[in-house]
Amino acid sequence: MMRQPIGIFDSGYGGLTILKEITAALPQYDYLYLGDNARAPYGDKDFDTVYRYTLQAVQWFFDQGCSLVILACNTASAKALRTIQQNDLPKMGADKRVLGVIRPTSEVIGTFSPTGHVGVLGTQGTIQSGSYLMETRKFFPQVVVSQEACPEWVGLVENNLYHTPEANHFVKLHIDHILQKDPAIDTLLLACTHYPLLMDTIKANTPEGINVVSQGAIVANSLVDYLQKHPEMEKNCSKTGLRQFFTTGDAGYFDAHASLFYGQSITSSKLILAQNP
Ligand code: DGL
């Protein structure tokens with residue numbers, strides 16, 4: 001029987017922080033990871049570009065036998081997911097699904113905040129889309145959500161500059177900004193899958209008592225729940241414990257940095273996608 005892995009997509013490394021938690025919660029399934037490192041970052045790209053790149057990746061996953069693809073990237077979830085779900089999926093196959101990370105996070109984020117004041121830190125694209133404001137309002141209408149784009153943070157992570165004075169400067173800048181917007185914030189959501197790599201620097205610049213939340217475990221729990229509720233999808237996911245990694249960038253470079261995100265060493269293969277889908 002052909003393998004039917006669960007596809008996990010990100011613009012680069014960040015989705016590995018999600019895959020790490022998903023494989024811990026659901027180790028039995030097969031997983032196929034693709035990082036579009038050659039075209040990262042997505043955070044400052046326009047809607048149409050992020051949509052075209054993401055759709056191209058989704059098609060590739062389906063061609064590899066996946067029925068279920070998770071966009072483990074907030075920017076792609078914000079800018080491409082809805083259009084893909086509404087316009088493209090109906091033409092791509094009745095048994096195909098694409099899920100994102102914004103909805104599952106919005107469904108629970110209010111429970112992390114005793115006072116109902118949440119700060120969302122993300123890429124320019126995620127913040128501009130307003131997706132977290134809209135989604136969180138549906139589930140927690142009483143929660144006050146403030147947002148801050150942190151355009152330098154993905155570059156700091158992709159370039160391994162976690163513990164530098166430069167990282168400290170830009171992390172402090174944006175945490176100070178968001179706390180000025182709402183001094184009552186008690187929960188900061190890292191709404192970008194790259195940001196957990198800056199956790200030490202973020203915590204060092206966050207006042208005591210503020211909860212810093214990353215998405216890996218949230219998305220993993222949501223997938224556990226989804227597979228339980230959708231046996232028709234669950235049966236399409238093969239279970240041999242396979243993990244396969246692809247990058248559109250340099251595979252050696254990807255492998256050298258990936259373990260920081262994934263917590264284990266990996267060996268990836270290079271994938272060439274048409275540059276202008
Ligand atoms: N990891 C992506 C996210 O979660 C952002 C990285 C990028 O800008 O490409 O938003």
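Just follow the structure's listing: the first ligand is 1, and inside any ligand the first atom is 1. A quick note: this is a predicted structure, and the numbers were derived from the prediction, not measured.
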Query raised in the report: ring pair (Phe, Tyr, Trp, His ring centres under 6.0 Å) with Y262: which of F245, F254, Y13, Y33?
Result: F245

Query - Shortest non-hydrogen contact between F112 and T187, atoms and distance - result: O-OG1, 3.1 Å

Query raised in the report: Taking only residues two or more places apart in sequence, or in another chain, which ones meet R82 in a salt bridge (Lys or Arg N to Asp or Glu O under 4.0 Å)?
Result: none

Requested in this report: Before giving the answer on side-chain contact (heavy atoms from CB on, under 4.5 Å), spell out for I18 and L16 the whole-Å C-alpha distance, their side-chain angles and the decisive distance to 0.1 Å.
Outcome: CA-CA 5 Å; I18 302 283; L16 292 168; over 6 Å; no

Query raised in the report: Between E208 and K203, is the closest basic N to carboxylate O distance under 4.0 Å?
Result: no

Report summary line: Contacts for ligand 1, heavy atom under 4.0 Å, by chain and number, are D10, S11, P41, Y42, G43, C73, N74, T75, T123, V154, C192, T193, H194

Query raised in the report: Using the ring of each side chain (for Trp, its six-membered ring), is F170 parallel, tilted or perpendicular to H174, with breaks at 30° and 60°?
Result: parallel

